[in-house]
A.B. asks: 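Before I ask anything, here is the structure I am working with.
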Number of protein chains: 2
Amino acid sequence: MDEIAGAIADPVRRQILELLHQQRRSVGEIAEQFDISRPAVSRHLRVLRSSGLVSDELVGRQRFYMLHPEKLTQLIEWLARFGEPAGWERHLDALETEVYRTRRDRRTRHPSSSDDVKENTA
Amino acid sequence: MDEIAGAIADPVRRQILELLHQQRRSVGEIAEQFDISRPAVSRHLRVLRSSGLVSDELVGRQRFYMLHPEKLTQLIEWLARFGEPAGWERHLDALETEVYRTRRDRRTRHPSSSDDVKENTA
DNA sequence: ACAAAGGGTAACCAATTGGTTACGCATTGT
DNA sequence: ACAATGCGTAACCAATTGGTTACCCTTTGT
């Protein structure tokens, strides 16, 4: 999970993940979106690759990258634990429920949203 | 959100957040858990403070830190979107528009690109 | 056969990060 | 009044990061 958190810490890499969420893309298509040089993009892709968040497939002379969103699950779950009460029994205050309220709102608006994060509806 | 992602990228800071999830703690209590020097802990706390994830309260000569878990919401939401099918981005809410506005800004800023991104779906 | 395109790697560089020790300053205890 | 405690800041240092340009290899197009 260390590598995942580190991979996400960079804004360029986060934007690359968003691009790949829509569809798989070649390196050229990705690099086109940024002001930095293509080798710089190449290294961001290497970081993402070694974190397992993306994989690549060589097609002709192009290399396509695709996202593996499942890799985010562990991090999401770690983060979501902070929305739960700390100890065994602890009363919910406004701060602790904030995260879950927002998620509930979103799910209500999107009937098909995923349920991979466990929830503890009080 | 940049600061949040960066704050979480460090393992020491993640562990500090876990300590503070249970209860508010003084700097001494926190530093006690690590092998690094107290000033090093102090700087990790400064990073967490400037990200808004924690705040501090001076009590006598001790300084207590406490967690603000609701600050994690934006990041959780961003991550959770990758579990949903792509294309829902058109469905606007505050979070999604912010991400897309940033992306559009960056792309508009370099007019050298001949075209929009080509769709090459198989 | 050869030129052009796609993309990774290497070498280098400046800026940032994360650690250290030394120090300062306010609060507490004697 | 003064020593000790709690904790932040400053100065410094090594390692990492993120960018650059130059170069190489493979694939495609003529």
Side-chain angles (χ1 to χ4, degrees), chain A residues 2-17 19-20 23-67, chain B residues 1-17 19-20 23-67 102 106 109-110 112-115 117-120 122:
Chain A
D2 227 0
E3 288 184 306
I4 304 284
I8 284 183
D10 185 274
V12 171
R13 289 194 292 265
R14 281 200 303 273
Q15 198 176 334
I16 290 178
L17 294 182
L19 290 171
L20 295 180
Q23 52 188 287
R24 60 215 295 273
R25 300 190 126 101
S26 72
V27 175
E29 287 172 331
I30 296 169
E32 199 171 55
Q33 307 286 126
F34 300 93
D35 282 341
I36 63 181
S37 68
R38 206 176 38 65
V41 172
S42 228
R43 270 208 330 204
H44 281 301
L45 288 171
R46 182 164 56 192
V47 171
L48 290 172
R49 213 186 313 128
S50 74
S51 81
L53 279 171
V54 307
S55 66
D56 61 306
E57 181 188 349
L58 197 56
V59 177
R61 61 182 165 185
Q62 306 199 101
R63 186 176 296 266
F64 287 90
Y65 279 85
M66 54 193 195
L67 180 65
Chain B
M1 169 166 102
D2 225 355
E3 289 184 305
I4 303 283
I8 284 187
D10 185 275
V12 170
R13 289 195 291 266
R14 280 201 303 272
Q15 196 176 332
I16 291 178
L17 292 183
L19 290 172
L20 294 180
Q23 51 188 293
R24 60 215 295 275
R25 293 182 195 273
S26 72
V27 176
E29 287 172 332
I30 295 169
E32 194 168 63
Q33 309 280 352
F34 301 93
D35 280 342
I36 63 180
S37 68
R38 206 177 37 64
V41 172
S42 228
R43 270 207 330 204
H44 281 302
L45 288 171
R46 182 165 54 193
V47 171
L48 290 172
R49 213 187 311 130
S50 73
S51 81
L53 279 171
V54 307
S55 67
D56 61 304
E57 182 188 349
L58 196 57
V59 178
R61 62 182 163 184
Q62 304 197 97
R63 186 175 297 267
F64 287 89
Y65 279 85
M66 54 194 196
L67 181 65
T102 311
R106 292 185 62 95
R109 219 174 294 132
H110 36 114
S112 59
S113 70
S114 55
D115 257 344
V117 178
K118 230 186 334 186
E119 310 275 4
N120 61 349

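Chain identifiers are assigned alphabetically (A, B, ...) following the order of the sequence lines, protein sequences preceding nucleic acid strands; residue numbering begins at 1 within each chain.
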A.B. asks: Do the side chain of A:R61 and the base of D:dT26 come within less than 3.5 angstrom through a donor-acceptor pair of N or O atoms?
C.D. replies: no

A.B. asks: To the closest 0.5 Å, what do you measure between CG (B:L45) and CZ (B:R13)?
C.D. replies: 10.0 Å

A.B. asks: Evaluate the side-chain proximity of A:H44 to A:I36: yes if any heavy-atom separation is below 4.5 Å, no if none is.
C.D. replies: yes

A.B. asks: Check for a donor-acceptor pair, side chain of B:R14 on one end and backbone N or O of B:I8 on the other, with a separation under 3.5 Å.
C.D. replies: yes

A.B. asks: A:L58 has an atom CG; how far is it from atom P of C:dG6, in whole Å?
C.D. replies: 14 Å

A.B. asks: Remember a base hit wins even if backbone is also touched, and classify B:R63 as base, sugar-phosphate or nothing at under 4.0 Å, heavy atoms.
C.D. replies: sugar-phosphate

A.B. asks: Quick one: A:I16 CD1 to C:dG7 C1', roughly how many Å, whole number?
C.D. replies: 14 Å

A.B. asks: Summarise protein proximity over nucleotides 10-19 of chain C in one line of letters, 5' to 3': B for base, S for sugar-phosphate only, - for none, counting protein heavy atoms closer than 4.0 Å.
C.D. replies: --------BB

A.B. asks: C:dG6 C1' sits how many Å from A:E32 CD, rounded?
C.D. replies: 13 Å

A.B. asks: Write down the distance between CZ (A:R49) and C1' (C:dG8), rounded to a whole number of angstrom.
C.D. replies: 8 Å

A.B. asks: Give, for atom CD of A:Q15 and atom CG of A:D10, the distance between the pair rounded to the nearest 0.5 Å.
C.D. replies: 10.5 Å

A.B. asks: Provide, to the nearest angstrom, the distance between the CD atom belonging to B:Q62 and the P atom belonging to C:dT28.
C.D. replies: 9 Å

A.B. asks: What is the separation between atom CD on B:E57 and atom P on C:dT27, rounded to the nearest whole Å?
C.D. replies: 14 Å

A.B. asks: Measuring from B:S26:OG to B:E32:CD, what's the distance to the nearest 0.5 Å?
C.D. replies: 8.0 Å

A.B. asks: Below the 4.0 Å mark, does C:dG8 have OP1 or OP2 next to a side-chain nitrogen or oxygen of A:S42?
C.D. replies: yes

A.B. asks: Calculate the interatomic distance between A:I30 atom CD1 and C:dG7 atom P; express it in whole Å.
C.D. replies: 9 Å

A.B. asks: With rounding to the nearest 0.5 angstrom, report the CG to CG distance, A:L67 to A:L17.
C.D. replies: 6.0 Å

A.B. asks: For a quick test of reading the model: is some side-chain N or O of A:Y65 closer than 4.0 Å to OP1 or OP2 of C:dG6?
C.D. replies: no

A.B. asks: Strictly distance-based, threshold 3.5 Å: is any side-chain N or O of A:R25 a donor or acceptor partner for the main-chain N or O of A:L19?
C.D. replies: yes

